Every structure is written in structure tokens, then in C-alpha cells.
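Presented below is the structure to which this report refers.
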Amino acid sequence: MSSVIRQETAVFLFFTLHGALLTMSYDVLRALRRSARHSLLLLSLEDFLFWMAAGFQTFYLAFRESDGAIRGYAVVGMLLGSVLYHVTLSPVIVKLLSALFRCFAGAWRMMRRPCRVLRKFVQKNCKNCKKRIEIARKKVYNDKDKYAS
């Protein structure tokens with residue numbers, strides 16, 4: 001097998017992996033959207049940022065692997081990798097990630113109440129400390145004036 005064919009096969013497989021990884025990273029967004037409500041603005045912003053990053057990654061990969069030329073087999077490789085991942089692993093990954101994100105959200109909700117109580121306690125004590133420091137500072141300042149005259 002010639003070295004050119006080996007190199008093109010490697011590029012095809014690399015783009016296949018790239019397509020699968022892009023779809024997997026979009027599944028992370030899908031899982032986040034399933035576990036928490038998103039406004040339309042946030043959904044649009046997430047999609048915009050994802051597709052900008054995906055476009056730059058794909059451009060960089062095409063530029064690095066094939067000197068910027070868009071090869072048909074590279075596009076087919078990306079589509080193949082994306083479809084294969086979406087059909088096989090995607091449903092399982094989305095369910096697992098959604099459950100994991102819901103778990104984290106539940107743990108965060110459980111910790112919010114104690115954190116609020118602790119924060120209020122610290123704020124109250126800091127205010128008391130500030131008052132005590134100010135009183136002590138004024139007392140020292142007034143004592144200096146008393147002895148200076």
C-alpha cells in the first residue's frame with residue numbers, strides 16, 4: 001500500500017473520530033439541557049458558542065491534516081463518525097450525564113440552605129467585629145488625645 005493511501009486513510013479515520021467527538025460534546029449540552037431549564041437566549045448562546053468552537057476545530061484539523069483543502073472523504077468520515085456515535089453510544093451517554101448533572105443539582109440544592117445560614121452567621125459576626133474594631137480604634141485615638149494635652 002502506498003504512503004499516500006495510508007496517509008489518506010489515517011486522515012479519514014481521524015475525521016471519523018473528530019465527528020464522533022463533536023457529537024459527544026454536543027451530547028454534554030443535551031444532558032445539561034435535560035437536567036436544568038434553559039431560557040431561549042441561553043440555548044441560543046450555547047449553540048452559537050458550540051458551533052463556533054466546532055467550526056474552528058474542524059477548520060484547524062482540515063488545515064493541519066490536508067493543508068486546508070476540503071477533502072470529500074474527510075467530510076464523509078465526519079458524518080460517518082457522527083452518525084455511528086449517535087446511533088450507538090449517544091442515548092446511553094445522554095442518560096448517564098443527565099442523571100449525573102441532576103445528582104449534582106440535587107446536592108447543590110441541599111447545600112444551599114446550610115450555606116445561606118453560614119453566610120448570614122459570618123456576615124453578622126463580621127459586622128459585630130467591625131463595630132468592635134471601630135470602637136477600640138476610637139478609644140485608642142481618644143486616649144492619645146487625653147494624654148497629649
Side-chain angles (χ1 to χ4, degrees), residues 1-138 140-141:
M1 189 183 309
S2 74
S3 64
V4 173
I5 292 175
R6 267 188 257 154
Q7 197 256 344
E8 288 178 354
T9 305
V11 169
F12 173 77
L13 293 174
F14 201 63
F15 271 95
T16 304
L17 179 65
H18 180 66
L21 290 176
L22 282 179
T23 308
M24 184 185 287
S25 58
Y26 195 77
D27 279 350
V28 172
L29 281 178
R30 288 177 54 206
L32 279 171
R33 291 173 182 174
R34 284 185 178 188
S35 62
R37 291 184 184 175
H38 287 73
S39 67
L40 184 60
L41 177 67
L42 189 57
L43 287 173
S44 300
L45 183 64
E46 288 171 352
D47 278 343
F48 177 75
L49 292 174
F50 172 80
W51 288 112
M52 288 295 293
F56 282 123
Q57 286 175 341
T58 304
F59 174 76
Y60 174 74
L61 188 62
F63 189 77
R64 192 182 77 197
E65 295 299 323
S66 58
D67 298 324
I70 298 175
R71 308 273 186 209
Y73 61 86
V75 174
V76 170
M78 281 182 60
L79 288 173
L80 181 67
S82 180
V83 168
L84 284 176
Y85 169 79
H86 188 70
V87 170
T88 56
L89 295 175
S90 180
V92 175
I93 297 291
V94 171
K95 284 180 185 177
L96 286 173
L97 287 176
S98 295
L100 185 67
F101 291 149
R102 281 190 207 114
C103 232
F104 285 139
W108 174 249
R109 274 187 235 113
M110 286 182 1
M111 291 303 297
R112 273 195 303 199
R113 176 81 174 148
C115 287
R116 283 184 196 153
V117 171
L118 182 64
R119 187 184 71 216
K120 287 181 182 180
F121 175 77
V122 169
Q123 285 176 341
K124 182 180 175 185
N125 284 329
C126 284
K127 285 180 184 178
N128 289 339
C129 287
K130 285 181 184 179
K131 287 179 185 177
R132 289 181 186 160
I133 290 170
E134 187 64 27
I135 290 170
R137 191 181 62 78
K138 285 181 181 179
V140 169
Y141 181 74

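What you see is a predicted model; the values in this text were computed from it and never measured. Note that these values count all heavy atoms, side chains included, but never hydrogens, waters or copies made by symmetry.
Taking OH of Y73 as the start and CG of L80 as the end, the distance is 15.0 Å to the nearest 0.5 Å. With rounding to the nearest 0.5 angstrom, the CD1 atom of I5 is 7.0 Å from the OG1 atom of T9. Here CG of D27 is found 11.0 Å from CG of L96. Values are rounded to the nearest 0.5 Å. Between atom CG of residue L84 and atom OG1 of residue T16 there is a gap of 8.0 Å, rounded to the nearest 0.5 Å. Here the CG-CZ distance, from L97 to R30, works out to 10.5 Å after rounding to the nearest 0.5 Å.
With sequence neighbours left out, the ring pair (Phe, Tyr, Trp, His ring centres under 6.0 Å) criterion links F50 to Y26. The side-chain contact (heavy atoms from CB on, under 4.5 Å) test applied to L79 returns V75, not counting sequence neighbours.
When each of R71, E65, R64, R6 is tested with V11 by the rule side chain to side chain contact (heavy atoms under 4.5 Å, CB included), just one qualifies, namely E65.
Between E46 and R33 there is a salt bridge, with a side-chain nitrogen of the basic residue lying less than 4.0 Å from a carboxylate oxygen of the acidic one.
Below 30°, between 30° and 60°, or above 60°: for H18 and F15 the angle between ring planes is above 60°, a perpendicular geometry.
Side chain of S25 to main chain of L22: a donor-acceptor pair is present (N/O by atom type, distance under 3.5 Å, no hydrogens or angles).
In plain terms, the two heavy atoms of P91 and H86 that are nearest each other are CD-O, 3.6 Å.
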